[in-house]
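Following: one structure in structure tokens, then a few remarks.
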Amino acid sequence: MPELPEVEVVRRGLDQWVSGRTIAKAEVLHPRAIRRHLPGAAEFAARLEGREVRAAERRGKYLWLPLGDGRDALMAHLGMSGQLLVTDSASPVEKHLRVRLSFTDGGPELRFVDQRTFGHLLVTEMVDLARPVPAPIVHIAPDPLEESFDDEDFTRRLRARHTEVKRALLDQSLISGVGNIYADEALWRAGLHWARPTERLTRPKIGELLRGVREVMADALDQGGTSFDSLYVNVNGESGYFDRSLAVYGRRDLPCGRCGTPVVREPFMNRSSYSCPRCQVRPRGRS
DNA sequence: GTTCCGTCCTGACGGC
DNA sequence: TGCCGTCAGGACGGAA
């Protein structure tokens with residue numbers, strides 16, 4: 001599924017193939033794909049048609065294309081299965097095509113394809129903060145790859161929480177862009193068990209955790225950015241074109257890359273947490 | 001105010 | 001072979 005590094009690759013692809021072009025027509029093929037655009041499909045299309053697309057931006061897993069003078073934008077979240085494809089208008093329609101944008105230059109169109117429709121698109125006003133962001137995501141914290149991410153502020157707010165460290169990592173209002181996979185990988189790099197209470201984490205340990213988050217994302221981005229010239233391979237949110245070299249995620253019973261101990265899978269928030277029972281010791285009194 | 005949990009969705013997969 | 005249950009999981013709304 002698309003995580004922050006994949007979304008960044010999509011952003012770069014959109015920048016290359018879509019920015020600077022003018023939208024001719026917008027078609028909504030599945031209403032759920034624009035469910036957060038409350039005025040509906042007709043208004044969605046009207047807000048887009050005839051508008052010029054500016055440079056693509058991203059915060060966490062949200063992407064947006066500012067329109068015209070930049071006071072509004074087309075915003076996208078890919079969810080778990082969403083893809084933004086830049087493709088020739090004559091190419092066959094994908095089974096799960098949800099939204100389709102064509103351009104006045106007659107060049108390749110932009111398609112939003114999403115099997116499970118957890119993703120969505122909307123047109124929204126921008127809010128002029130220190131960095132302008134789409135209105136629906138003003139409550140989202142900066143992601144750890146943004147310049148405006150404040151390590152000191154994160155440390156203070158994390159220690160003020162009374163919860164498990166992984167829950168906090170997945171809380172978008174504290175730090176954005178970290179999903180289940182990279183949370184597990186970053187915790188493994190920092191030698192932290194996912195159930196460790198946030199209020200007892202030391203400053204150096206939080207420093208290690210942030211370093212783990214940034215390194216695992218940077219590694220993925222390095223790998224994803226290597227073959228960046230093919231239209232079809234890169235402007236999408238497909239998992240699998242990153243050879244993520246995961247250390248623990250999805251590796252139940254396989255040896256930990258550091259100590260060889262078999263990785264364990266534990267239920268967590270109706271999903272899974274993977275960790276090394278030796279490198280990431282479970283806090284006492286928590287089972 | 002903070003924390004937690006159910007819900008949305010479709011396809012792959014395993015068990016019977 | 002085919003049916004059914006389970007799992008995957010980001011974000012949000014509402015309950016505790």
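Protein chains get the first letters and strands the later ones, always in sequence-line order, with residue 1 at the start of each. Excluded from the calculations below are hydrogen atoms, water molecules and symmetry mates; all remaining heavy atoms, backbone and side chain alike, are included.
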Sugar-phosphate only, base, or nothing, as touched by A:Tyr62 at under 4.0 Å among non-hydrogen atoms: sugar-phosphate
Chi angles and distances behind the side-chain hydrogen bond (donor to acceptor under 3.5 Å, both in side chains) call for A:Ser273, A:Lys166: CA-CA 9 Å; A:Ser273 265; A:Lys166 184 170 170 181; 2.6 Å; yes
Contact letters for nucleotides 2-8 of chain B, in which S counts primed atoms plus P, OP1 and OP2 and B counts the base, heavy atoms under 4.0 Å: -SSSS-B
Sugar-phosphate only, base, or nothing, as touched by A:His139 at under 4.0 Å among non-hydrogen atoms: sugar-phosphate
d(NZ, A:Lys166; P, C:dG10) in whole Å: 9 Å
Derivation of the side chain to side chain contact (heavy atoms under 4.5 Å, CB included) call for A:Arg21 and A:Leu110: CA-CA 11 Å; A:Arg21 302 172 69 197; A:Leu110 180 63; over 6 Å; no
Electrostatic pair A:Asp184:A:Arg251 at N-O distance under 4.0 angstrom: no
Which nucleotide in C:dC12, C:dA8, B:dT10 has an atom nearest any side-chain atom of A:Gln115: B:dT10
Whole-Å distance separating the CG atom of A:Leu78 from the C1' atom of C:dG10: 11 Å
N/O (side chain, A:Ser272) to phosphate O (OP1/OP2, C:dA8) under 4.0 Å: yes
Touch class at under 4.0 angstrom, heavy-atom based, for A:Arg35 against every strand present: nothing
Atom-to-atom span, CG of A:Asp143 to P of C:dA11 - whole angstrom: 12 Å
Phosphate contact (C:dA11 OP1 or OP2) by A:Gln172 side-chain N/O below 4.0 Å: yes
A:Leu174 CG to C:dC12 C1', straight-line distance once rounded to whole Å: 17 Å
Test side-chain hydrogen bond (donor to acceptor under 3.5 Å, both in side chains) applied to A:Ser81 and A:Asp114, step by step: CA-CA 5 Å; A:Ser81 52; A:Asp114 190 2; 2.5 Å; yes
Distance test, side-chain N/O of A:Lys95 to OP1/OP2 of B:dT10, below 4.0 Å: no
For atom CD1 of A:Ile175 and atom P of C:dA11, their distance in whole Å: 13 Å
Minimal non-hydrogen separation, A:Arg258 against A:Cys279, with atom names: NH2-CB, 3.2 Å
Nearest-angstrom distance from the residue atom CD1 of A:Ile137 to P of C:dG10: 17 Å
Over all atoms of both residues, closest heavy-atom pair of A:Trp64 and A:Met75: CB-CA, 4.0 Å
Worked verdict on A:Trp194 versus A:Gln280 for side-chain hydrogen bond (donor to acceptor under 3.5 Å, both in side chains): CA-CA 8 Å; A:Trp194 54 267; A:Gln280 299 166 267; over 6 Å; no
Gap between atoms CZ and C1', on A:Arg59 and C:dG10 respectively (whole Å): 17 Å
Distance below 4.0 Å between A:His96 side-chain N/O and B:dG11 OP1 or OP2: yes
Backbone of A:Gly212 reached by a side-chain donor or acceptor of A:Glu215 within 3.5 Å: no
B:dC9 OP1/OP2 closer than 4.0 Å to side-chain N/O of A:Arg98: no
Interatomic distance where CG belongs to A:Leu169 and P belongs to C:dA11 [whole Å]: 13 Å
5'-most by nearest nucleotide on DNA chain C - A:Arg116 or A:Ile140: A:Arg116
